[in-house]
Protein chains: 2
Amino acid sequence: MSKDKERSNCPISCSLDLWGDKWSLIIIRDLMFAKQCTYGDFLKSEEKISTNILASRLKTLEQNKIIEKLEHPNSKSKVLYKLTKKGIDLLPVLIEINLWGGKYFSDIPDKTKTLLKEVKKDKTAFLKRTIKKLADS
Amino acid sequence: MSKDKERSNCPISCSLDLWGDKWSLIIIRDLMFAKQCTYGDFLKSEEKISTNILASRLKTLEQNKIIEKLEHPNSKSKVLYKLTKKGIDLLPVLIEINLWGGKYFSDIPDKTKTLLKEVKKDKTAFLKRTIKKLADS
DNA sequence: AAATTCACTTGCATAATGCAAGTGCTTTAA
DNA sequence: TTAAAGCACTTGCATTATGCAAGTGAATTT
């Protein structure tokens, strides 16, 4: 993706330089909400990312300290991907995108509807709870 | 950009299908915070979008009802671009990206620093005020 | 010991992006 | 009133990113 050349020093532009493509936030979404954390798990997602793109995104997300690679407790052939603090801090962004999408798209999965209901009931509580869950796991 | 084929019915994925590229949110940012609203204004932004990409993004944003084209009050040769309600509703997304970027990037423009201070002081008030300003203009 | 799983790579076709120059209508200045 | 400049784009072409299918090598299961 990006050759790490920032277009400006605007935080929005810089953020997009890191994860402003069609796939990075999908990976981050899976790590946040679907607890998918191995390479193979990401491939199973509905959006059907291709293997080379997945590998390249995981690499740049890792380089930018948004995710980290860990040893899998049960297997030497598996790799665990996890969000760092910096990655977990993207939760509010993902939530707001989810809310916007929930408002303007129909046919949203039931699982997502449930999640959005929780968020709408008490956003602060949801954030706190989810951050804790992600940090502890 | 996208040929309007949704990858899944996840709201995050659908949202990214509409504006998940490197430029769309830059245009939306300009409309929200920099009051830039003509084709030429967008070209003046620091990030230096090229003319053909700008034209194509404006077209898809308009097709997706995120922005709209209006006649310029003073000139027949100019065009005014404005955020629709749907576009204005992206404000929370932009704010959260700004906050994340503000936390993880240095050398942020003074103008942005000021804005972020306002947001941090009272996010709800900032949102309300900005939405009103955008809707009225 | 062979087959399978797993996390990737590689090669190649297709699509998106970026740059420079051009078009045609509108507005300004002489 | 006419020439020059401004404006919102288009066009052509080179470069880069994406997407698909097949392959690789180490670890694990059978």
Side-chain angles (χ1 to χ4, degrees), chain A residues 1-8 13 16-27 30-31 34-64 67-82, chain B residues 1-8 13 16-27 30-31 34-64 67-82:
Chain A
M1 195 177 62
S2 63
K3 270 277 140 285
D4 291 332
K5 200 173 194 159
E6 289 180 355
R7 293 173 290 178
S8 77
S13 160
L16 294 175
D17 285 338
L18 297 193
W19 44 258
D21 68 290
K22 276 222 170 3
W23 292 108
S24 298
L25 286 186
I26 296 286
I27 294 169
D30 283 351
L31 286 166
K35 327 179 211 314
Q36 302 197 322
C37 37
T38 71
Y39 187 91
D41 286 337
F42 296 125
L43 290 178
K44 282 178 210 138
S45 285
E46 236 192 323
E47 288 85 7
K48 298 277 161 272
I49 188 169
S50 53
T51 56
N52 54 343
I53 306 292
L54 176 57
S56 112
R57 288 306 171 277
L58 288 171
K59 198 202 265 181
T60 64
L61 287 173
E62 198 196 353
Q63 283 169 345
N64 290 306
I67 63 174
E68 59 185 339
K69 263 169 126 163
L70 299 173
E71 286 183 10
H72 197 286
N74 315 336
S75 164
K76 216 182 277 183
S77 77
K78 286 189 186 177
V79 177
L80 264 190
Y81 288 97
K82 270 200 55 179
Chain B
M1 195 178 58
S2 65
K3 270 276 140 289
D4 290 333
K5 200 174 195 160
E6 289 179 355
R7 293 173 290 177
S8 77
S13 161
L16 294 174
D17 285 338
L18 296 193
W19 45 258
D21 67 291
K22 277 224 171 357
W23 290 109
S24 298
L25 286 186
I26 296 285
I27 294 169
D30 283 351
L31 286 165
K35 327 179 210 320
Q36 304 198 319
C37 38
T38 70
Y39 187 90
D41 287 337
F42 296 123
L43 290 178
K44 280 177 210 140
S45 286
E46 235 191 322
E47 289 85 6
K48 298 276 163 273
I49 187 168
S50 53
T51 57
N52 53 344
I53 306 293
L54 176 58
S56 113
R57 289 305 171 278
L58 289 170
K59 197 201 266 180
T60 65
L61 287 173
E62 197 196 355
Q63 283 169 345
N64 291 305
I67 63 174
E68 58 186 337
K69 265 170 124 162
L70 299 174
E71 285 182 12
H72 198 286
N74 316 336
S75 165
K76 216 182 279 182
S77 77
K78 287 188 185 177
V79 178
L80 264 190
Y81 287 97
K82 270 199 54 178

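Protein chains get the first letters and strands the later ones, always in sequence-line order, with residue 1 at the start of each.
Among the heavy atoms of the strands, none lies under 4.0 Å from K59(B). Looking at heavy-atom distances under 4.0 Å, K48(A) makes no contact with the nucleic acid at all.
Residue L70(B) contributes atom CG, which lies 15 Å from atom C1' of dA8(D) at whole-angstrom precision. Rounded to an integer number of Å, the gap from CD1 of I27(A) to C1' of dC8(C) is 14 Å. At whole-Å resolution of the value, CD1 in I49(B) and C1' in dA16(C) are 13 Å apart. Regarding L54(A), its CG atom lies at a distance of 18 Å from the P atom of dA17(D), rounded to whole Å. Taking atom CD1 on I53(B) and atom C1' on dT11(D), their separation rounds to 13 Å, with Å as the unit. Distance, I26(B) CD1 to dG18(C) C1': 16 Å, rounded to whole Å. Rounding to whole angstrom units, CG of residue L61(B) and P of dC9(D) are separated by 13 Å. In this structure, H72(A) atom NE2 and dA7(C) atom P are separated by 8 Å, rounded to whole Å.
In this structure K35(A) satisfies the salt bridge (Lys or Arg N to Asp or Glu O under 4.0 Å) test with no other residue, sequence neighbours excluded.
A donor-acceptor pair is defined here as one N or O able to donate and one able to accept, closer than 3.5 Å; no such pair exists between the side chain of S50(A) and the backbone of N52(A). Side-chain N or O atoms of Y39(A) include one that pairs as donor or acceptor with a backbone N or O of T51(A) at under 3.5 Å.
A heavy-atom distance below 4.0 Å to DNA chain D is reached by these residues of residues 34-46 of chain B, ordered by number: T38(B), Y39(B), G40(B).
Residue W23(A) has no polar side-chain atom (N or O) positioned under 4.0 Å from OP1 or OP2 of dA17(D). Under 4.0 angstrom from either OP1 or OP2 of dA15(C) there lies no side-chain N or O belonging to K22(A). For Y81(B), a side-chain nitrogen or oxygen approaches OP1 or OP2 of dC9(D) to under 4.0 Å.
Residue Y81(A) comes nearest to K69(A) through the heavy atom pair CE2-CG, 3.3 Å, listed as atom of the first residue, atom of the second, then distance.
Using a 4.5 Å cut-off on side-chain heavy atoms (C-beta onward), S13(A) and D17(A) make contact.
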(request) Sugar-phosphate atoms are those with a prime plus P, OP1 and OP2; base atoms are the rest. Using that split, label each nucleotide of nucleotides 20-30 of chain C B, S or - for protein heavy atoms under 4.0 Å, 5' to 3'. (result) BB----SS---

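Checking dA17(D), dC8(C), dT17(C) against the side-chain heavy atoms of R57(A) singles out dA17(D) as nearest.
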